[in-house]
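One structure is given here, and the rest of the page talks about it.
Every chain is numbered from 1, with letters handed out A, B, ... down the list of sequences. Everything numeric here is computed off the predicted structure, so don't read it as measured data.
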Amino acid sequence: MSKEQWLGLITGVIFGFLLQKGRVLRFDKQVGAMLLKDMTIFKFMLSAIIVGMIGILLLSNAGLIQLSHKAMNLGGVLIGGTLFGAGWAVMGFCPGTSIGAVGEGRWHSIFAIMGMIVGAAIYAELYPFFKSTVLAWKDFGKIGLPEAIGVSPWIIVPLFCFGTVVLFFWFEKKKL
Amino acid sequence: MKWKTKDGGWNPYLAGVLTGLLAIASVFATTRLLEKTTYLGASTTFVRAAGFLEQKIAVNHVASNEYYTKEKVRVDWQFMLVIGIFAGALISSISDRSFKIESVPPTWEKRFGSSIAKRAIWAFAGGVIAMIGARMADGCPSGHGLSGMMQLLVSSFAALALFFGVGVLVARFVYGRRES
């Protein structure tokens, strides 16, 4: 195995371990969040986001890493995001958690995984069509929120963190 | 607030903070060791997995497909990351005895009964739709939800809001009727 593959594997084992310890791999936790009854996955995700956001933006400011922007392709994000949301609710897993779910014995997520592999194959077949239709609609390019609204990231980050912490207190108060 | 959940899991805030630290370490490590900053993600691996399977029946078809050529069908960093997620979840669940063979998720069973076939069909269909959407939006809750949000990407804010917003509507329609 190459250095690249080893590094991916080690990172993945830790990632999977933390996802499982956080109990976010469960169908019931994901659907529970969508039914607004159990916010475990949001507690997990938003905690990871605020910590990662500060570290990654600091490293990027210091020139130690590059940001890897995903383009704001209007058609792709709007239609793709809608399709994903609908599929996610029925499937009860996202791509990463479906694999972890098998690891903790919830083997029924195999069916979701099979569906996603078939979905990926269908997308690959239809890619030329999507490229000339949905994806050709409007592409705002690789923009970050700071450039989009013309504000320093170091103003957005504290506000985002503050809003998240307020949300956390609300989750705890409501016992979600 | 407790450090452990009732079933022996970790506080989700704690597990999340550690995952944030992992994301930072991983971005730094890939930049240093592989000379290319790589972010956590999962859905592109499904494209590569599909490519590998299709290669078994139609090698030339995969080679000439524009999307497979773009995403490169190979076992890369992310492919191993996804395999690692399986292994990590297995190790964690066995070590704290939360590993459990489950054929139908409890929430699903309450609403639709214990038929494995019924669950399988819907999970499969949901998977097809979700993955087409994830590839179109260029990311899933890992790539957009974690990595993109950490970089304050406009596309990720929009994608995550839609993932969850539509998820709430569809979930209410699918599971909500009998409850509350």
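- Closest heavy-atom contact between A:Asp28 and B:Pro105: OD1-CB, 4.0 Å.
- Looking only at side-chain heavy atoms (C-beta outward), A:Ile122 and B:Val128 come within less than 4.5 Å of each other.
- Across all their heavy atoms, A:Met91 and B:Ala130 have their closest contact at CE-CB, 3.5 Å.
- Scanning both residues, B:Ser93 and A:Gly103, for their nearest heavy atoms gives OG-O, 3.6 Å.
- The part of B:Arg119 that comes within reach of chain A is its side chain, from C-beta onward, which places non-hydrogen atoms under 4.5 angstrom from that chain.
- For the pair B:His61 and A:Glu125, the minimum side-chain heavy-atom distance is below 4.5 Å.
- Neither the backbone nor the side chain of B:Lys36 comes within contact range of chain A, judged by heavy atoms closer than 4.5 Å.
- Rounded to the nearest 0.5 angstrom, A:Ser2 OG and B:Trp77 CH2 are separated by 13.0 Å.
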Next item on the list: Output, in order, the C-alpha distance, side-chain angles, deciding distance and verdict of side-chain hydrogen bond (donor to acceptor under 3.5 Å, both in side chains) for A:Gln20 and B:Ser98.
Entry: CA-CA 9 Å; A:Gln20 206 280 332; B:Ser98 58; 2.8 Å; yes
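- Taking every heavy atom of both residues into account, B:Ala89 and A:Leu25 meet most closely at CB-CD1, 3.7 Å.
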Kindly list each side-chain donor-acceptor pair under 3.5 angstrom involving residues 50-67 of chain A, sequence neighbours excluded, with atom names and distances?
from	atom 1	to	atom 2	distance (Å)
A:Gln66	OE1	B:Thr37	OG1	3.2

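- For A:Ile149, no part lies under 4.5 angstrom from a heavy atom of chain B.
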Item checked: Residues A:Phe15, B:Leu146; criterion side chain to side chain contact (heavy atoms under 4.5 Å, CB included); working and verdict -> CA-CA 12 Å; A:Phe15 191 23; B:Leu146 293 177; 3.9 Å; yes
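- For B:Ile94, no part lies near chain A; criterion is any non-hydrogen pair under 4.5 Å.
- Classified by interplanar angle (parallel below 30°, tilted 30° to 60°, perpendicular above 60°), the ring pair A:Tyr127/B:Tyr67 is tilted.
- Annotation: B:Phe164 is in aromatic contact with A:Phe42 [ring centroid separation under 6.0 Å].
- Within the 4.5 Å cutoff, side-chain heavy atoms of A:Pro95 are placed close to those of B:Pro141.
- With sequence neighbours left out, the side-chain contact (heavy atoms from CB on, under 4.5 Å) criterion links A:Val134 to A:Ile79, A:Phe130, B:Met136.
- Considering only heavy atoms from C-beta on, A:Pro146 comes within 4.5 Å of B:Leu152 through its side chain.
- No part of B:Val62 comes within reach of chain A, as not one of its non-hydrogen atoms sits under 4.5 angstrom from that chain.
- Contacts between residues 82-90 of chain A and chain B, defined by a heavy-atom separation under 4.5 Å, are made by A:Thr82, A:Leu83, A:Phe84, A:Gly85, A:Ala86, A:Gly87, A:Trp88, A:Ala89, A:Val90.
- One finds a salt bridge joining B:Arg74 and A:Glu4 here, because a Lys/Arg side-chain nitrogen approaches an Asp/Glu carboxylate oxygen to under 4.0 Å.
- Distance alone, capped at 3.5 Å, places no donor-acceptor pair between the B:Asp138 side chain and the A:Lys70 backbone.
- Taking a cutoff of 4.0 Å between a charged side-chain nitrogen and a carboxylate oxygen, B:Asp7 and A:Arg26 qualify as a salt bridge.
- Side chain of A:Lys3 to backbone of B:Leu34: no donor-acceptor contact under 3.5 angstrom is found.
- Of all the heavy atoms in A:Tyr123 and B:Ile132, the pair that sits closest is CD1-O, 3.8 Å.
- Every salt bridge (charged side-chain N to carboxylate O under 4.0 Å, His left out) that A:Lys131 has, sequence neighbours left out, goes to B:Glu66.
- A distance-only check finds a donor-acceptor pair linking the side chain of A:Gln5 to the backbone of B:Val75 [under 3.5 Å].
- Heavy-atom distances place no part of A:Asn73 under 4.5 Å from chain B, backbone and side chain included.
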Check: Where do A:Arg23 and B:Asp96 land on the salt bridge (Lys or Arg N to Asp or Glu O under 4.0 Å) test, with the steps shown first?
Finding: CA-CA 12 Å; A:Arg23 300 293 190 253; B:Asp96 69 10; 3.1 Å; yes
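- Between B:Met131 and A:Ile117, every side-chain heavy-atom pair lies at or beyond the 4.5 Å cut-off.
- Rounding to the nearest 0.5 Å places CG of B:Leu14 at 11.5 Å from NZ of A:Lys21.
- Side-chain contact check for A:His69 and B:Gln151: no donor-acceptor pair (N or O, by modelled atom type) lies under 3.5 Å.
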